[in-house]
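The block underneath contains the structure these notes are about, expressed in structure tokens.
If you read the sequence from its start, that first residue is 1, and numbering goes on from there.
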Amino acid sequence: MQRIAKMQSEQERKEQIKKAALKIFAAKGLAGTKMSMIAEEAGISQGLSYRYFQSKDEIFTLLLEEAIEEARNAIQEIGKLPGSPLEQIRAFTLQLLDENHRLYFLLVQQAQTSEGVPTKAKEALERYSPQDTIEQIIPIFIRGQQEGIFSAGDAYKRLILFLSVVSGLMLQDARAMGMDWTQEVDRLLNLLTR
């Protein structure tokens, strides 16, 4: 019984460190992050952080792989969501604007633009294609156009515009501005319906 409790405690500690690292990496990037900063955010000693991870590069790569996997899963599930095309895109947009997803998005942005990204992280990025998002959403959007829910026009261009606005909002720290983008999702969807 103690062994199971210890394993759970170890896993909880590892998740605590990863959560702290995600927050720091999203804000400061790989180069601007030190293991001491991650440890401080996690509320542990720097030495203890090395018990779970050999380096910040290891954590960065692991988090990036998790971010890419989460994005893939969300994209694959959009067509399986219940409801009309509008409800499906609304649910997907709410997921994108969720704070945890925002941090993953910022991490991917950091990985795409930073120097000194670990090789394994670069390899993970090469397997990630934002184009997949559009290709998964276009059939839903076209179905919505056919049903008269979404306005007519080039589906690809309209989705690029919409996702660009959502991506721009994800780059903002809504909490610091006293905003909650999820409360504005219906206004965002007006970009597609009008």
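- The residues R51 and E10 are annotated as salt-bridged, a charged nitrogen and a carboxylate oxygen being separated by less than 4.0 angstrom.
- In this structure, the side chain of R143 does not engage the main chain of S84 through any donor-acceptor pair within 3.5 Å.
- Atom NZ of K19 has 12 or fewer neighbouring heavy atoms from other residues, nucleotides or ligands inside a 6.0 Å radius.
- Under the 3.5 Å distance criterion, the side-chain polar atoms of S45 are matched with a main-chain donor or acceptor of L48.
- In this structure the side chain of D98 never reaches within 4.5 angstrom of the side chain of Q95, judged on heavy atoms.
- Partner L63 forms a side-chain contact (heavy atoms from CB on, under 4.5 Å) with one of L103, V108, I68, L22 and no other, that one being L22.
- Separation of atoms CZ (R158) and CG (L191) is listed at 8.0 Å; rounding is to 0.5 Å.
- Minimum interatomic distance between P82 and E87 (heavy atoms only, all atoms of both residues): O-CB, 4.3 Å.
- A donor-acceptor pair is defined here as one N or O able to donate and one able to accept, closer than 3.5 Å; no such pair exists between the side chain of T193 and the backbone of F150.
- For the atom pair F92 CZ and L81 CG, the distance stands at 9.0 Å (nearest 0.5 Å).
- We find the CD1-CD1 distance between I75 and I134 to be 9.5 Å, quoted to the nearest 0.5 Å.
- Counting heavy atoms from C-beta on, the side chains of K34 and Q46 never come closer than 4.5 Å.
- Across L107 and L64, no two heavy atoms sit closer than the pair CD2-N, 3.5 Å.
- Closest approach of A20 and A42 over heavy atoms only: CB-N, 3.6 Å.
- Atom CD of E40 has 12 or fewer neighbouring heavy atoms from other residues, nucleotides or ligands inside a 6.0 Å radius.
- Between S151 and Q145, the shortest heavy-atom distance links the atoms O-NE2, 2.9 Å.
- Considering R13, E15, K14 as possible partners of Q11, the one that fulfils the side chain to side chain donor-acceptor pair (under 3.5 Å) test is E15.
- At a threshold of 4.5 Å between non-hydrogen side-chain atoms, the residues E66 and K18 count as touching.
- Taken to the nearest 0.5 Å, the CD1 atom of I38 stands 15.0 Å off from the OH atom of Y52.
- With a 4.5 Å cut-off on side-chain heavy atoms, E184 and L97 do not count as touching.
- Hydrophobic clustering, with ILVMFWY side chains joined whenever heavy atoms are under 4.5 angstrom apart, groups L171 together with F162.
- Below 30°, between 30° and 60°, or above 60°: for F25 and F60 the angle between ring planes is above 60°, a perpendicular geometry.
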*Going through the distances and angles, do I59 and M35 end up as a side chain to side chain contact (heavy atoms under 4.5 Å, CB included)?*
CA-CA 10 Å; I59 304 171; M35 282 296 279; 3.9 Å; yes

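- In this structure, A26 and L106 approach most closely via the heavy-atom pair CB-CB, 3.7 Å.
- Transitive grouping of hydrophobic side chains (ILVMFWY, heavy atoms separated by less than 4.5 Å) keeps F53 and M37 in distinct clusters.
- Side-chain contact between N73 and Q76 is present, with heavy atoms from C-beta onward closer than 4.5 Å.
- Although no hydrogens or angles enter the test, the distance criterion places no donor-acceptor pair under 3.5 Å between the side chain of R102 and the main chain of L169.
- Checking side-chain atoms of K56 against main-chain N and O of L30 turns up a donor-acceptor pair under 3.5 Å.
- Interatomic distance, D154 CG to I160 CD1, rounded to the nearest 0.5 Å: 9.5 Å.
- In this structure, E123 CD and R127 CZ are separated by 7.0 Å, a value rounded to the nearest 0.5 Å.
- One N or O on the side chain of Q88 and one on the backbone of G79 form a donor-acceptor pair closer than 3.5 Å.
- I24 and Y104 are not part of a single hydrophobic cluster, where members link through side-chain heavy atoms under 4.5 Å apart.
- By the 4.5 Å heavy-atom criterion applied to side chains, E69 and R72 are counted as neighbours.
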